[in-house]
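Notes follow the structure.
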Amino acid sequence: MRRIALRTAVAGLALALLLAPRGDGDAPRAIAFAQEPGQKAPANDPAKGNPAAREAGAQKPARRYPKAVVVELHGLLDGLAVFSLERRLREAQDLRPDVLIVEIDSAGGTVQHSTAIARILSDFECHTVAYIRQMALSGAAMASLACDEIVMHPGAHLGDVGVVGVVDEAFRFAEEKQISEVVVTMRRLADDQGRPAALAEAMVRRDTKVFFVRPKHGGPDTYLTEAELKARGEQNFDVLAPVVETHKGLFLAVTGDRAVELGLANATAGNYDDLQKRLGWEGQPTLLHDTWVETTVFILNFSIVTGLLIVIGLVGLYLEISSPGIGIGAVMALLCFGLFFWSHYCNGTANAFEVLLFVGGLVLLALELFVFPGFGIAGFTGGVMIVASLILAIGDKVIPESSLDVAMLRNSVLTVVGSGVVFVGVVFIFRKRLGRLSLFKGLVLAPPEPDKRPGRRLAPATAGGGATTAGAASKAAAARSSAAGPIDNFVGQRGVAATLLRPAGKVRLGGKLIDVIAADGDFIQPGEEVEFIPSSDARVQVRRVEKT
């Protein structure tokens, strides 16, 4: 429970930071729910309730369910909540329960994820009971309506499904055209379970007046909105009572006892003992918790952890390119980018499109490096695809449709750009310090051992790779050798690239192949003339000899 509470608090803080005020004037979009500030459920008034619901026995004992499974739906309803619920319901399905109890205590989430949770619960293949212990507001109310039964603590709250967007630097309730889809979903869920659709609509639309009416020409008593009453003809109904909670310009929200009176809930239960008396399970119900999987996904989706995965993954790619072969660099990159895409897939922000975009970018970069050398269209396109895949995997929309989407895109861009800046800094440090760290000495190209036989010494090479007569260059090299060590033996001499330097490779000097690395990460083609230059570490460095 502490982990759930912590996760909810952090997620809420992250969402608040993400939705920092902006100055753009986009119209609000139905992307999230919000509770009307200060709204309270009115005191119970049985006279204003639904007598049919009471007499039909909303509190009447249901049939017995010997085997019960409990799953918790607490906190923010986001992509991780959808992933966790799907995983636990797959586990529950294997247990073959008679009843699934969904313990709900949530203030809701986004429309997208709340709708997904409602669909998952409505499709589950056994009897489902939403047990609301404290609150099922906003998107959580939608999830409750998707269950076959709703049982509430007498003081719990249900309703208040207000749809909001971000516009003009603040939260704004959505316009009618943005909430119509939510209204349709809520009415359908209520109709499917035999609950008053008019009351479900009043949870979404403010100022929706609902009346308890009796048809004059026969038929069951029912609830109708003011608009429905006028459309069907007021003269055809006797208005028995208004639903007072819908006459205050607020979203409909009721307590447990009142929800039973109105026919929204089936019963009240103060605890699990009361719930067991109603459902009649045997022994203890099986509680399916979150596991280390959900905890890992939650941690990996923090912006700082996401950025760290990107940095380490890019460093791994750099090491692999600098020292080709399946080694530590490839393992680092595969592990970090694998965790990155897996965690964001589980959180609902990444899918196969982002993964394919990333892999396609890597393929284009490989073609540029190894097949069509020279940073051209393939390399540029590959780099753009990789950056785009990372940004889209962190965000939630390919094309922003609202101010909230723009804010999420901005957060994704800042995370990726910040990771790129850190990566450049790490590479700079590696290039300066890598040879001095014993841990990485295996990644550094070592120079060949000098020939220690008396009177033998590497001869300087011409541009074509042939030997020259002893001259000023060899004398200078000999002087440097005695003064500064074996690496400086090569400084000032020229050779020919025997392989592609990308930037590591081999240079032919005096008939011998020497492992070198091109200065400044330059790519040098085979056959190009190079010159050995001083190095501040244990690497033998060369640079291209520019043709005049």
Side-chain angles (χ1 to χ4, degrees), residues 4 33 58 62-106 108-133 135-152 156 158 161 182 184-195 197 200 259 264-267 269 272 275-276 278-291 293-294 297 345-348:
I4 293 172
F33 295 113
R63 72 181 183 89
R64 300 181 67 83
Y65 300 94
K67 188 175 183 179
V69 170
V70 179
V71 296
E72 296 173 335
L73 193 60
H74 295 174
L76 181 67
L77 303 187
D78 56 4
L80 182 56
V82 176
F83 167 76
S84 175
L85 182 64
E86 286 182 321
R87 185 197 61 77
R88 286 178 290 160
L89 290 190
R90 286 194 298 269
E91 185 178 349
Q93 194 68 56
D94 295 336
L95 298 175
R96 300 183 180 277
D98 298 301
V99 61
L100 176 74
I101 301 171
V102 185
E103 182 184 302
I104 299 178
D105 182 10
S106 170
T110 66
V111 170
Q112 174 188 357
H113 298 121
S114 301
T115 304
I117 289 174
R119 174 184 52 79
I120 293 169
L121 291 175
S122 63
D123 292 342
F124 193 69
E125 297 179 355
C126 85
H127 190 74
T128 54
V129 177
Y131 180 39
I132 305 173
R133 303 206 48 182
M135 60 181 172
L137 304 176
S138 184
M142 179 184 291
S144 301
L145 291 180
C147 294
D148 298 321
E149 289 187 53
I150 297 178
V151 179
M152 300 176 62
L158 170 68
V161 191
V182 179
V184 170
T185 300
M186 291 287 288
R187 289 187 65 99
R188 176 182 58 79
L189 291 172
D191 276 332
D192 290 345
Q193 303 298 342
R195 301 185 180 103
L264 287 170
N266 299 82
Y272 268 91
L275 189 61
Q276 183 181 20
R278 176 175 177 81
L279 300 178
W281 66 72
E282 300 173 357
Q284 291 294 326
T286 302
L287 175 60
L288 300 180
H289 295 279
D290 281 349
T291 65
V293 176
E294 285 84 3
V297 172
Y345 171 81
C346 294
N347 198 41

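Position 1 is the first residue of the sequence; numbering continues from there.
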Between atom [atom1] of [X] and atom [atom2] of [Y], what is the distance when rounded to the nearest 0.5 Å?
| X | Y | atom1 | atom2 | answer |
| --- | --- | --- | --- | --- |
| L288 | L89 | CG | CG | 8.5 Å |
| T291 | R87 | OG1 | CZ | 4.0 Å |
| L158 | I150 | CG | CD1 | 5.5 Å |
| I104 | I132 | CD1 | CD1 | 5.5 Å |

Looking at every heavy atom in both [X] and [Y], which two are closest together, and how far apart are they?
| X | Y | answer |
| --- | --- | --- |
| A197 | A190 | CA-CB, 3.9 Å |
| L76 | A81 | O-CB, 3.7 Å |
| C126 | P97 | CB-O, 3.9 Å |
| R88 | H289 | CD-O, 3.6 Å |

Are any side-chain N or O atoms of [X] and backbone N or O atoms of [Y], one a donor and one an acceptor, separated by less than 3.5 Å?
| X | Y | answer |
| --- | --- | --- |
| R96 | K67 | no |
| R278 | A269 | no |
| E86 | F83 | no |
| T286 | V69 | no |
| S84 | L80 | no |
| S114 | V111 | no |
| S106 | H74 | no |

> Do Y65 and V129 pass the side-chain contact (heavy atoms from CB on, under 4.5 Å) test, and can you show the C-alpha distance, the side-chain angles, and the key distance before you say yes or no?
Replying inline: CA-CA 11 Å; Y65 300 94; V129 177; 5.9 Å; no
>> Are E72 and L287 packed together at the side-chain level, in the sense that at least one heavy-atom pair is separated by less than 4.5 angstrom?
In response: yes
> When you look at T115 and M142, which way does the side-chain contact (heavy atoms from CB on, under 4.5 Å) test go after all the steps?
Replying inline: CA-CA 7 Å; T115 304; M142 179 184 291; 3.7 Å; yes
> Is the shortest side-chain N to carboxylate O distance from D94 to R90 below 4.0 Å?
Replying inline: no
> Please walk me through it: do D148 and Q193 pass side-chain contact (heavy atoms from CB on, under 4.5 Å)?
Replying inline: CA-CA 6 Å; D148 298 321; Q193 303 298 342; 3.4 Å; yes
> ring-ring contact (aromatic ring centres under 6.0 Å, His included) with Y272: which residues, sequence neighbours excluded?
Replying inline: Y131
> Between L279 and E149, does a side-chain contact (heavy atoms from CB on, under 4.5 Å) hold up when you go through it step by step?
Replying inline: CA-CA 11 Å; L279 300 178; E149 289 187 53; 4.2 Å; yes
